[in-house]
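Just so it is clear, the model here is predicted, and its values are computed rather than measured. Lettering follows sequence order; numbering is per chain, from 1. Side-chain atoms are counted along with the backbone in the values below, which use heavy atoms only and exclude waters and symmetry mates.
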There are 2 protein chains.
Amino acid sequence: MKIDPSKPADLSAQIAGAIRDAIISGSLIVDERLPSEAELADHFDVSRPTVREALKRLAAQSLIRTQRGATGGAFVNRLSFEAAQPQQITTSTLLLSMNAVSFETACEARYALERACAPLSAARRSPDHLATMRAEIHRQGQPGLTDEAFCASDVAFHRALVDGAGNPVLSYQLAGAVEAMQPLMNMITFTARDRARIIALHEGIADAIEAQDAIATAEALTALEQETQTLAQSVFAARAARR
Amino acid sequence: MKIDPSKPADLSAQIAGAIRDAIISGSLIVDERLPSEAELADHFDVSRPTVREALKRLAAQSLIRTQRGATGGAFVNRLSFEAAQPQQITTSTLLLSMNAVSFETACEARYALERACAPLSAARRSPDHLATMRAEIHRQGQPGLTDEAFCASDVAFHRALVDGAGNPVLSYQLAGAVEAMQPLMNMITFTARDRARIIALHEGIADAIEAQDAIATAEALTALEQETQTLAQSVFAARAARR
DNA sequence: CGATTTTCATATGTCTTACATTTAGTGTTT
DNA sequence: AAACACTAAATGTAAGACATATGAAAATCG
């Protein structure tokens with residue numbers, strides 16, 4: 001079923017790959033129990049620690065979970081959107097921070113994606129999502145809010161917008177793009193006037209969504225994108241000039 | 001710098017988390033060498049196998065790489081888009097297959113995202129990407145092409161479209177959405193007439209991109225989405241009726 | 001006889017020790 | 001001076017042992 005030609009590279013990586021392929025191909029079904037570590041070690045003709053390293057690799061991708069005890073063992077995970085999103089977010093964040101992706105590029109991608117689900121969000125928006133958006137707008141207007149909290153609320157606002165599309169695949173893909181921007185946004189200091197402008201644009205978006213007006217939503221998002229881009233440009237220009 | 005309160009759960013998971021946080025926060029820079037396994041074991045007051053399991057977890061996410069030999073050790077990886085995409089794709093694929101996501105939902109998400117980068121692709125399309133798209137269209141017209149090869153070419157066509165936007169963040173995010181659809185598409189059998197219609201729509205997209213007409217591109221994508229949806233519906237309906 | 005407690009078997013989590021292998025650097029020999 | 005061998009340091013792998021969690025069977029008590 002799954003063998004292991006011990007020729008080229010790490011045994012643990014090979015074993016992990018073999019099991020992963022079995023899961024992807026469907027040979028191992030969700031919630032099925034893998035053989036015990038000892039049995040796997042015997043089957044692949046390696047030691048138990050080697051098998052354990054392979055299992056940890058899979059656990060890191062949340063492909064399997066392990067349980068201790070008598071009926072314990074390694075089980076194939078049902079990979080849920082909720083479980084996959086944190087990984088997606090950290091990966092996206094690291095990609096941005098490690099590859100010198102410009103603020104401009106990341107911002108462009110983010111708003112392009114958000115505009116993609118604008119028509120769906122406008123058509124399907126629920127009272128729940130609208131309420132969340134309004135609540136976040138209200139929070140953003142609170143005095144004494146730190147820049148970080150302002151950014152966090154901004155992210156929550158946009159995620160409500162995305163989730164309003166009612167498409168889990170879209171929500172999953174966009175969570176990475178939206179959340180990964182937060183560290184970049186945190187580098188910006190928002191003046192009171194900046195915040196007022198952003199809040200006004202947010203209100204415009206919420207209004208367009210409430211009115212189920214897809215075109216107006218897209219236009220409002222474009223306006224917000226331009227506002228964000230010019231804001232970031234001035235901040236980075238000022239920072240560059242100071243040195 | 002990074003400690004480990006040994007209270008709740010697996011030590012290896014805790015250690016992996018601590019190192020991961022150090023990488024994300026920037027305490028560990030790209031290409032920096034981690035302490036040796038023995039030193040880490042000493043620092044966290046655990047055994048070497050436990051440290052190794054933690055390192056394997058991080059290696060599975062390609063956050064680190066390991067080198068054997070005298071100057072070997074674990075090094076912080078520069079997480080590249082190319083390295084991250086395969087993981088993104090397998091995760092997306094598993095999410096679709098394990099969560100009973102309907103063809104309709106996945107298809108809707110995919111085309112919504114593609115329409116998002118249509119304006120950018122139209123504005124920035126390079127001769128290279130256009131040539132790839134034309135080549136894939138030509139391949140799709142070859143007689144004797146298997147359904148699987150037809151689908152693979154379809155994916156290549158759409159990836160060229162996405163890459164034409166010239167935004168690596170967009171390409172990364174959409175690779176998952178586009179590629180993860182392939183197993184679902186492979187369940188469809190394409191008649192000659194189906195293929196002819198799809199190829200015609202592909203040509204319409206390529207023409208619109210070549211003419212740098214963003215609106216026409218979006219419309220062509222919408223037409224292709226509808227064609228795909230109705231095609232899938234008829235296939236699934238026929239399959240349901242046969243039982 | 002039934003419910004509760006105890007015991008036990010099993011599997012993972014961890015530690016210890018040891019050896020194998022790879023690789024860079026160094027020292028010796030020709 | 002160059003080629004070779006040797007060494008040291010690090011990861012890769014192995015084997016065995018103990019700790020711990022946990023469900024189920026067995027034993028005990030009401």
- Query: Is the side chain of A:T90 donor-acceptor paired with the backbone N or O of A:Q87 at a distance under 3.5 Å, no angle test?
  - Reply: yes

- Message: For a 4.0 angstrom threshold against heavy atoms of chain B, report the outermost contacting nucleotides of DNA chain D in 5' to 3' order.
- Response: D:dA9 to D:dT13

- Which pairs pass side chain to side chain donor-acceptor pair (under 3.5 Å) with one or both residues in residues 176-188 of chain A, sequence neighbours excluded?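 Found A:R159-A:E179.
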
Without decimals, in angstroms, what is the distance between [X] [atom1] and [N] [atom2]?
X     : N      : atom1 : atom2 : result
A:L55 : C:dT12 : CG    : C1'   : 10 Å
B:D10 : C:dT14 : CG    : C1'   : 11 Å
B:E53 : C:dC15 : CD    : C1'   : 11 Å

Could you check if a side-chain atom of [X] sits within less than 4.5 angstrom of a side-chain atom of [Y], using non-hydrogen atoms only?
X      : Y      : result
B:F190 : B:M185 : yes
A:I15  : A:L40  : no
B:E136 : B:V155 : no
A:N77  : A:L63  : no

- Message: Any side-chain N or O of B:T50 below 4.0 angstrom from OP1/OP2 of C:dG13?
- Response: no

- Query: If every non-hydrogen atom of A:Q173 is compared with every non-hydrogen atom of B:G176, which pair is closest and at what distance?
  - Reply: NE2-C, 3.9 Å

- Among pairs that include at least one residue of residues 25-35 of chain B, which meet salt bridge (charged side-chain N to carboxylate O under 4.0 Å, His left out), considering only residues two or more places apart or in two chains?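 Salt bridge (charged side-chain N to carboxylate O under 4.0 Å, His left out) check on residues 25-35 of chain B returns B:D31-B:R65.
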
- Query: Given the rule in the side-chain contact (heavy atoms from CB on, under 4.5 Å) test, do B:D163 and B:H129 qualify, once you have shown the distances and angles that lead to the verdict?
  - Reply: CA-CA 8 Å; B:D163 290 340; B:H129 292 122; 3.7 Å; yes

- Task: Mind jotting down which residue pairs meet the ring pair (Phe, Tyr, Trp, His ring centres under 6.0 Å) criterion with at least one end in residues 18-42 of chain B? Sequence neighbours excluded, please.
- Result: none

Can you pull every protein N or O that's under 3.5 Å from an N or O on nucleotides 16-18 of chain C?
none

- Message: Any residue in residues 60-76 of chain A with a heavy atom nearer than 4.0 angstrom to DNA chain D? Just list them by number, or reply none.
- Response: A:R68, A:G69, A:A70, A:T71

